Amino acid sequence: MRHLIKPRVLHPGDTVATISLSWGGAGLYRERYEQGKRQFEEAFGYF
């Protein structure tokens with residue numbers, strides 16, 4: 001059986017990065033990217 005490897009808990013000041021493995025729509029549709037970023041911030045409390 002494989003063991004689940006959990007990352008460290010995030011702390012204030014830590015950096016969170018987003019990546020896109022698809023066709024790079026974040027560069028073309030910046031408004032959609034910013035909307036998703038705001039939703040992430042609101043849902044998880046990261047700024």
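Because the structure is predicted, anything quoted here is derived from the model rather than measured.
Looking at every heavy atom in both residues, V16 comes nearest to L10 through CG2-CD1, 3.9 Å.
Here Y33 pairs with T18, A26, R30, K37 under the side chain to side chain contact (heavy atoms under 4.5 Å, CB included) rule; sequence neighbours left out. Remark: R8 pairs with no residue by the salt bridge (charged side-chain N to carboxylate O under 4.0 Å, His left out) rule, at least two apart or across chains.
In this structure, the separation between CD on Q35 and CZ on F40 is 15.5 Å, given to the nearest 0.5 Å.
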